[in-house]
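Let me give you the structure first, and then I'll get to my questions.
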There are 2 protein chains.
Amino acid sequence: MSPKTLKIDKLPTIRRLPSYLQILRDLSAKGEEFVSSAYLADQMQIEAILVRKDLELTGINGVPRVGFRTNDLVSAIEKFLGWGRALDTCLVGAGQLGAALLGHRELNNFGIRIVAAFDNNPAKIGTSLHGVTVFPFSRLNELLKRLTILLAIVCVPPDVAQSVVDQLVQGGVRAIWIFTSANITVPEHVIFQREDLLSGLAVLSACLTRKGPVDTSA
Amino acid sequence: MSPKTLKIDKLPTIRRLPSYLQILRDLSAKGEEFVSSAYLADQMQIEAILVRKDLELTGINGVPRVGFRTNDLVSAIEKFLGWGRALDTCLVGAGQLGAALLGHRELNNFGIRIVAAFDNNPAKIGTSLHGVTVFPFSRLNELLKRLTILLAIVCVPPDVAQSVVDQLVQGGVRAIWIFTSANITVPEHVIFQREDLLSGLAVLSACLTRKGPVDTSA
DNA sequence: TAGATTGTTAATCGATTAACAATC
DNA sequence: TAGATTGTTAATCGATTAACAATC
């Protein structure tokens with residue numbers, strides 16, 4: 001019954017791929033031809049064996065005593081994630097968080113290109129944020145189809161989130177990345193991923209509390 | 001050797017606690033005295049048994065045939081996370097993302113209160129963002145100590161991230177929540193949590209790619 | 001009492017880690 | 001060749017799920 005937010009194999013590994021990619025691109029830019037699992041492990045602050053396991057997923061074989069070919073890993077990861085060519089994406093809800101995402105350089109360097117923004121704030125409609133034009137919600141359906149957008153980023157207030165998502169689905173969107181903590185449902189064929197900022201904070205404050213907030217020893 | 005980003009028990013459960021809390025507060029506001037694991041499971045889109053396992057961590061016992069006392073759960077979770085009383089926090093880097101976090105209502109309803117912001121942009125220094133004054137970096141150390149800030153949120157560009165973190169540690173900060181994807185190290189006694197936006201997107205695009213981007217069947 | 005829901009104990013599943021063989 | 005690093009296979013660990021007893 002319960003739709004399960006997203007059921008996919010090797011989730012932890014996939015979540016780490018963008019970090020690998022970032023490191024690998026840096027190395028590549030510096031002209032480093034090879035990289036060892038030990039180096040990546042150090043950068044990622046995980047164990048080397050876990051790196052090797054993760055890289056298995058890319059299908060790239062390393063060379064004993066030498067390491068992995070940096071460029072091969074870069075392209076394999078990009079391919080695995082479908083980030084080879086940037087995916088056209090739209091942003092719904094161009095408030096402060098939405099605008100921050102539009103301007104987020106890393107985001108636009110990795111996998112997606114935001115080609116349109118939607119907001120119902122009259123002051124924003126028609127303006128351009130980080131080079132992306134803001135359209136009213138009323139044009140959502142038309143533009144989704146014209147631009148064949150498969151992935152949408154949603155940053156609207158909780159009370160309109162479900163309605164926005166419904167419109168996106170109607171417009172043919174296949175994947176939704178949502179930053180609103182409302183209870184959303186989508187049809188079977190649509191995938192969605194909620195980004196929950198609070199969960200990271202929870203981990204941090206739980207640790208802080210465990211340690212005792214005023215433990216002043218080293 | 002490797003410092004391990006954060007080693008803590010029941011991590012997945014802790015990450016879910018804020019979502020529970022949100023739902024429970026809503027129920028509480030509506031005057032619902034009891035809640036069943038089945039209801040929570042439905043809202044969270046997970047299995048009921050997992051909810052019961054999660055709630056074990058709070059130490060609250062349910063009543064067979066009736067459910068859990070909503071208010072008891074709310075306070076137990078708040079207590080567990082140390083969110084009973086808001087923790088004074090500062091924000092370093094009041095760029096677009098930083099400003100968005102400052103204005104993020106949920107964040108300020110849950111566990112933390114941002115009492116100061118720091119940025120080196122002269123145009124921002126001395127102004128107030130969402131009611132929080134922006135100070136220059138040069139006053140970091142002084143204010144951290146005066147305000148006894150234990151937790152800091154970092155939204156600065158990668159190239160200054162380590163230096164900012166070092167200053168925070170020097171100023172007595174014990175926990176750092178960082179939104180920059182640079183390789184950061186902190187001393188043993190400081191905990192930090194990196195928020196990696198890209199990892200959520202990776203999951204989404206990996207799924208989208210697996211399904212085939214133009215699979216137009218139902 | 002009967003029945004719904006919790007709590008407990010065991011089973012399963014998957015991720016991480018360890019040990020070591022393979023290889024350039 | 002010797003040695004460093006990968007790849008493989010097995011062990012461990014922890015999270016989720018299942019089965020069912022306990023209880024109001």
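Order of the sequence lines sets the chain letters (A, B, ...), proteins ahead of strands, with each chain counted from 1. In what follows, every heavy atom counts, from backbone to side chain, and hydrogens, waters and symmetry copies are set aside.
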Rounded distance in Å - CG (Leu40(A)) to P (dT5(D)) = 13 Å
Mind running a 4.0 Å heavy-atom check of residues 69-83 of chain A against DNA chain D and sending the residues that fall below it, in number order?
-> none
Verify side chain to side chain contact (heavy atoms under 4.5 Å, CB included) between Val132(B) and Leu91(B), making sure each step is shown before the conclusion.
-> CA-CA 10 Å; Val132(B) 177; Leu91(B) 171 80; over 6 Å; no
The answer to which of Arg65(A) and Ala48(A) contacts DNA chain D further toward the 5' end, by nearest nucleotide, is Arg65(A)
Secondary structure of DNA chain D in dot-bracket form (Watson-Crick or G-U wobble, distances below 3.5 Å, | marking inter-strand pairs) | ..||||||||||||||||||||||
Using whole Å, report how far CZ of Arg16(B) lies from P of dG14(D).
-> 16 Å
Do the side-chain N and O atoms of Asp166(A) and Gln162(A) include a donor-acceptor pair separated by under 3.5 angstrom?
-> yes
After noting the C-alpha distance and the side-chain angles of Leu81(A) and Phe110(A), does the key distance pass the side chain to side chain contact (heavy atoms under 4.5 Å, CB included) rule?
-> CA-CA 10 Å; Leu81(A) 295 174; Phe110(A) 286 86; over 6 Å; no
Main-chain N/O of Ile191(B) paired to Arg174(B) side chain as donor or acceptor, under 3.5 Å = no
Atom CG of Leu17(B) and atom P of dA15(D) are separated, to the nearest Å, by 13 Å
Charged N to carboxylate O below 4.0 Å: is that the case for Glu78(A) and Arg25(A)?
-> yes
Numerically ordered, the residues 50-62 of chain B set in heavy-atom contact under 4.0 Å with DNA chain D is Leu50(B), Lys53(B)
Check whether any side-chain N or O of Ser37(A) sits under 4.0 Å from OP1 or OP2 of dT6(D), and answer yes or no.
-> yes
Within this structure, what is the CD-to-P distance between Glu47(B) and dT5(C), rounded to whole angstrom?
-> 16 Å
Around atom CD of Glu32(B), are there more than 12 heavy atoms of other residues, nucleotides or ligands at under 6.0 Å?
-> yes
